[in-house]
Amino acid sequence: MKANLFDISGRVAVMTGACGVLGETIVKYFAGEGAKVVLMDLERAGETGGRIVREIRENGGEAIFLATDVLDRKILQDCLEKVLQTYGTVDILLNAAGGNMAAATVPPDKTIFDLDVDAVRKVVDLNLFGTIEPTLVFAKPMVEKGRGSIINFCSETSFRPLTRVAGYGCAKAAVASWTKYLAGEIAIKFGDGIRVNAIAPGFLLTNQNRTLLTNPDGSLTDRSRKILSHTPFGRFLEPDELTGCLHYLASDASKGVTGTINLVDGGFESFSI
């Protein structure tokens, strides 16, 4: 038996959507644990990606940034080739790319008949196919060597519909279903060395949702107060509270775990009244 089941030093971890608040925290954590990290994000995130890479290297870690489009198979394939040229393999894939659009929501002053279906399609494309496409590219080295860990990013909306976020809820529910399907498909046809799981973060303050959860003066919105009243912890989570679960799923400590959706939500999903 391996002495330290949580040891991920030397492993190559690729993360899409790596330059946001959550992504930066996660890639820095993985690099600090000795993994070689590949930050993948849109070209416009290049400046942020470059800064994160420099900071990781200054602390003795290994990292590169690659501009990508998670919906473009050719660009993803080019990124894979660069990863293989640099590090030789892929051990961990973190599918964190995603997001929402205002037009794909139903705010309190509108009804479902005002929903922009084209916007919903775009949100589903980004979250669902932005998870599927990178997997179809970066899972190939895992299949070739018979080992790897794929970790998708779900949401509270994967379990229950939340008001307003119609498109995002549909998309994240689909990511949960895809995770479970792929776990079985991969294991049956390529062996038990490749695992597929997901993390479902609770509510965190990020650049994407800050205007929804806080007022311009920093106070909580009505929606925030409702969320926190339904969260036993009574607070928003911090980005670094996701890293332990991700580390577990990426490491041999979860060698027998596949097809799971792991909640990190301060009790939100389990709480009724």
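- In this structure, the separation between CD1 on Ile194 and CG on Leu182 is 9.5 Å, given to the nearest 0.5 Å.
- Looking at Asp118 and Arg121, a side-chain N of the basic residue comes within less than 4.0 Å of a carboxylate O on the acidic one, giving a salt bridge.
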Starting from the C-alpha separation in whole Å, work towards a yes-or-no answer on salt bridge (Lys or Arg N to Asp or Glu O under 4.0 Å) for Lys189 and Glu185.
CA-CA 6 Å; Lys189 295 182 179 175; Glu185 181 71 12; 2.6 Å; yes
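- A distance-only check finds no donor-acceptor pair linking the side chain of Lys172 to the backbone of Gly167 [under 3.5 Å].
- The closest side-chain donor-acceptor pair between Thr163 and Arg223 falls under 3.5 angstrom.
- With rounding to the nearest 0.5 Å, the separation of CH2 in Trp178 from CD1 in Ile132 is 4.5 Å.
- For the atom pair CG (Asn95) and OG1 (Thr179), the distance works out to 8.5 Å, reported to the nearest 0.5 Å.
- Of all non-hydrogen atoms in Ala183 and Thr258, the two that sit nearest each other are CB-OG1, 3.4 Å.
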Would you sort out whether Asp252 and Arg11 count as a salt bridge (Lys or Arg N to Asp or Glu O under 4.0 Å), showing the intermediate values?
CA-CA 12 Å; Asp252 290 346; Arg11 297 191 184 179; 3.0 Å; yes
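- Note that CD of Glu24 is 6.0 Å distant from CD of Glu55, once rounded to the nearest 0.5 Å.
- The shortest non-hydrogen separation linking Ala67 to Cys79 is O-SG, 3.5 Å.
- A donor-acceptor pair shorter than 3.5 Å cannot be found between the side chains of Asn152 and Thr131.
- A distance of 10.5 Å separates OH of Tyr168 from CD of Glu156, quoted to the nearest 0.5 Å.
- For the atom pair Leu204 CG and Glu238 CD, the distance stands at 7.5 Å (nearest 0.5 Å).
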List the steps, then state whether salt bridge (Lys or Arg N to Asp or Glu O under 4.0 Å) holds for Asp192 with Lys255.
CA-CA 9 Å; Asp192 62 0; Lys255 191 175 180 180; over 6 Å; no
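- Across all their heavy atoms, Asn127 and Gly99 have their closest contact at ND2-O, 2.8 Å.
- Under 4.0 Å is where a charged nitrogen must lie from a carboxylate oxygen, and between Lys82 and Asp78 no such pair does.
- Few gaps surround CZ on Arg235; more than 12 heavy atoms of other groups in view lie less than 6.0 Å from it.
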